[in-house]
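What follows is a short report on a single structure.
Since we're looking at a predicted model, the values are computed, not measured. In what follows, chains are A, B, ... by sequence order, proteins preceding strands, each numbered from 1.
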Amino acid sequence: MRASSSTRMSPWVVTIRNWGYSLLNSARISSVDFAPSTASTGKVSDSDRIRPIRNFLIGASGWRLVDCRLTECKFTGKVVDEKFSTPHGFPVTLRAMENMPAITRFAPSPTGYVHVGNVRTAFFNQLLARCSGGRFILRSEDTDAERSKQEYLDALLADLHWLGLRWDEGPDCGGPSGPYCQSERSGLYEVYYTRLIDSGDAYPCYCSDQELKLSRKRQLASGRPPRYAGTCRHLGDQERADKAAQGRVPVLRFKVTAGDSVTFQDLVRGEQVFARDDIGDFVIRRADGSAAFFFSNAVDDALMQVSHVLRGEDHVANTPRQILLLQALDLSVPRYGHFSLMVGDDGAPLSKRHGASSLRELRLAGYLPGAILNHFLRLGHKADIDDWLDLDQMPEHFNIDALGRAPARYDMDQLRHWQKEAVMRLSIAELEDWLGDSGRALIPPEQTGAFLELVRSNVLFPADLQAWVDVLYGDLPKPGESEQEWLQQAGSEFFRAALAALENPAATLKDLTDAVKTATGAKGKQLFMPLRAALTGRTDGPGLQEMLVLMSADTKRKRLQEALALGQKHSREPLI
RNA sequence: GCUCCCUUCGUCUAGUGGUUAGGACUCCGGCCUCUCACGCCGGCAACAGGGGUUCGAGCCCCCUAGGGAGCGCCA
């Protein structure tokens, strides 16, 4: 969904909080809406936006104002602050944020089926792009030739597509900044390696795996954090030649020189400060010549003009490295935002034992895209409404400021709730897909629609639907305990009477109950439950009359006969 | 080991010094109803603990506990 910011001018919402000692003053002004009066003239300047609000505030002289913020915008753009004082001398800050299109990306490694945590990342990035009228890019980070597989990339694209996500640029659809697989971009990286080497920001490192491990161990043992010791930093040409002559193949390391700390404004966590001493020199090109994550990820973001990098918390500490790298290369630095990771229902990191951890598994289990999306929209993110949202409505309810900093538990109860909602919104055609060939074969075509409408509120997954197909058109499973109880309680007279009423194939539920009532005197639950149990094999489900209409006379007769047989076998026949 | 981050009902969360701490899911009760579900109405249920600061703390500061992340030729 694309919305240009000029046509999408919803009223600005101003929240005003008052401040004072008196309880009489403790009421809260909720919010005030301002329709931008100059919207029709096209471009609206910031001062035009702020003026009516300021006039209002000054007019509201009964209030002591501390802070007044414009919160209409969905994400942080250019921030315009205007400070002034009320007649009471309290300072007021107006903060207007100008909407800017965000170019976002999702950059997975195709080393397996896409994990639900990554799916949420992709989803949030798409929402951020859509809510600002920007672009969403999909980039495959397949630099690890060992683990990356084409089949996983195909599966990833298919699964995300199934979910309903759409990207404007990607490996399957191309785009202006291609190629979109890093394995095909190595040529592009050469110029940047060279630039870093020439500027002295990168150097070859000949340390072996063992040497590095040993060094790390030593540092750890002496209570210091494990960092690259800088062994190869100051190697002279001769030393390098010697190492090379020994057959050592160097990696390329980025040099993090001592200096001021690296600072950036995180979109969700606020200011982040990292001491340069805490960042060791890191590898940007492996011995086999392939690009390391820090490098290719950051360089590609810049080359693809990504404006906002929204990713999981696990990348926070990577960010200063990437910023340093981009600055050294004189490439543009995107805004970064790190939201909390998703954890299992026990608070531990998501893993196999928490059940479905890949999107593929959820899909196979029968979960619907809308259910997953509605759940994710509210996991670690506060949507401004609790009701169901269609995918195309979601961008306007996404807010980067509403992203959480605390880990969010992935809760199946909540997912099931959204699944229920999703099933209720399925079209008949979509429900029909759930039937499968075996189900379709059993149902008379003219009844399909009525059947699906009838049972949908009792269905969560395709298997449930299949069960109802069997109830109405197929064979019943062995009756459960509570069903048996009802059948035995009713006795044979009960079912003989029902069977007699079925002589008329068009007999309604009322016809049946009338006949049984007359014969046995049963009423209420004693009357209906045995009938339900006998005819459907279960004590729950849609309206019995509605089901009877769809069932064939044969089926009904057969089931009553079975109930009769069971009743005769088990019940104590009346002595008279 | 070191650095950083997080902690409000069982769960997802609202909350930016004065709130009867709000909503959603789950659960329970009621209505509807032949049953279950749907729907509607209602209920249970939380500020991790301890110290400060303040007239007043869920919100600010410190400590403790618990959880998470990072410190790779993984991404």
Side-chain angles (χ1 to χ4, degrees), chain A residues 17 19-23 25-26 28 66-67 69 107-109 111 118 141-144 146-148 205 207-209 212-213 216 219-228 249-253 269 272-275 277-280 282-288 290 292-294 296-297 312-318 338 340-341 343 345 347-349 375 378-387 402 404-418 420 424 455-460 486 509 513 523-529 531-533 536 538-545:
Chain A
R17 293 177 41 256
W19 182 70
Y21 293 127
S22 162
L23 272 176
N25 263 349
S26 69
R28 219 168 247 219
V66 262
D67 184 37
R69 270 188 259 181
S109 285
T111 56
N118 289 134
E141 305 220 326
D142 51 357
T143 53
D144 184 346
E146 286 282 303
R147 300 195 301 143
S148 301
C205 165
C207 295
S208 73
D209 224 21
L212 292 173
K213 252 181 215 149
R216 244 174 251 135
Q219 295 180 69
L220 235 32
S222 64
R224 281 175 303 144
R227 301 266 147 60
Y228 179 63
V249 186
V251 301
L252 196 59
R253 257 181 214 280
R269 310 168 83 83
Q272 305 288 306
V273 182
F274 291 84
D277 289 346
D278 287 338
I279 311 169
F282 54 93
V283 173
I284 58 175
R285 188 181 61 199
R286 305 186 188 106
D288 66 3
S290 63
F293 166 79
F294 295 116
S296 52
N297 182 267
E313 184 190 51
D314 48 336
H315 287 292
V316 178
N318 294 336
H338 297 89
S340 61
L341 261 21
V343 296
D345 50 12
H375 185 219
R378 296 165 175 90
L379 245 189
H381 172 261
K382 175 60 183 172
D384 49 9
I385 63 175
D386 287 324
D387 299 330
R405 278 131 297 212
R409 295 183 189 216
Y410 177 62
D411 178 36
M412 277 306 187
D413 272 342
Q414 237 128 156
L415 217 205
R416 287 169 68 87
H417 164 72
W418 291 116
K420 207 182 285 178
M424 294 309 280
V455 301
R456 80 187 306 160
S457 69
N458 287 75
V459 164
L460 221 45
W486 283 113
L509 178 60
T513 54
K523 58 183 182 183
K525 275 195 168 189
Q526 313 299 323
L527 178 56
F528 291 102
M529 288 308 279
L531 273 178
R532 170 176 285 278
T536 70
R538 41 200 291 188
T539 51
D540 64 335
L544 190 50
Q545 166 61 25

Would you mind reading off the distance between [X] atom [atom1] and [N] atom [atom2], rounded to a whole angstrom?
{"X": "A:Leu460", "N": "B:C36", "atom1": "CG", "atom2": "C1'", "value": "13 Å"}
{"X": "A:Asp384", "N": "B:C12", "atom1": "CG", "atom2": "C1'", "value": "15 Å"}
{"X": "A:Arg224", "N": "B:G1", "atom1": "CZ", "atom2": "C1'", "value": "11 Å"}
{"X": "A:Arg378", "N": "B:U13", "atom1": "CZ", "atom2": "C1'", "value": "11 Å"}
{"X": "A:Gln545", "N": "B:U33", "atom1": "CD", "atom2": "C1'", "value": "15 Å"}
{"X": "A:Phe528", "N": "B:U35", "atom1": "CZ", "atom2": "P", "value": "9 Å"}

Regarding [X], tell me which of base, sugar-phosphate or nothing describes its non-hydrogen contacts under 4.0 Å with the strands shown.
{"X": "A:Gly404", "answer": "nothing"}
{"X": "A:Gln272", "answer": "nothing"}
{"X": "A:Gly223", "answer": "sugar-phosphate"}
{"X": "A:Arg532", "answer": "base"}
{"X": "A:Leu379", "answer": "sugar-phosphate"}

Looking only at heavy atoms, which two atoms of A:Ala383 and A:Arg378 are closest? And how far apart?
CB-CG, 4.1 Å

Which residues pass the ring-ring contact (aromatic ring centres under 6.0 Å, His included) test with A:Phe274, sequence neighbours left out?
none

With A:His315 via ring-ring contact (aromatic ring centres under 6.0 Å, His included) - residues at least two apart:
A:Phe293

Rounding to the closest angstrom, what is the interatomic distance between [N] and [M] at atom [atom1]?
{"N": "B:U16", "M": "B:C4", "atom1": "P", "result": "28 Å"}
{"N": "B:U53", "M": "B:C40", "atom1": "C1'", "result": "49 Å"}
{"N": "B:U8", "M": "B:U19", "atom1": "C1'", "result": "14 Å"}
{"N": "B:G50", "M": "B:C55", "atom1": "P", "result": "23 Å"}
{"N": "B:A24", "M": "B:G17", "atom1": "C1'", "result": "28 Å"}

Footprint string (nucleotides 62-75 of chain B, 5' to 3'): B base within contact, S backbone only, - free, heavy atoms under 4.0 Å
-----SSSSBSBSB

Does the protein touch nucleotides 37-49 of chain B at the base, only the backbone, or not at all? Give it as B, S and - per nucleotide, heavy atoms under 4.0 Å.
BS-----------

Partner residues of [X] under the salt bridge (Lys or Arg N to Asp or Glu O under 4.0 Å) criterion, sequence neighbours left out:
{"X": "A:Arg227", "answer": "A:Asp278"}
{"X": "A:Asp386", "answer": "A:Lys382"}
{"X": "A:Arg538", "answer": "A:Asp540"}
{"X": "A:Arg147", "answer": "A:Asp144"}

Using side-chain contact (heavy atoms from CB on, under 4.5 Å) as the criterion, list what pairs up with A:Ser290, not counting sequence neighbours.
A:Arg286, A:Asp288

Earlier contact from the 5' end, RNA chain B, for A:Gly543 and A:Gly380
A:Gly380

Could you let me know what B:G1 is paired to, Watson-Crick or G-U wobble, both distances under 3.5 Å, or none if it's on its own?
B:C71

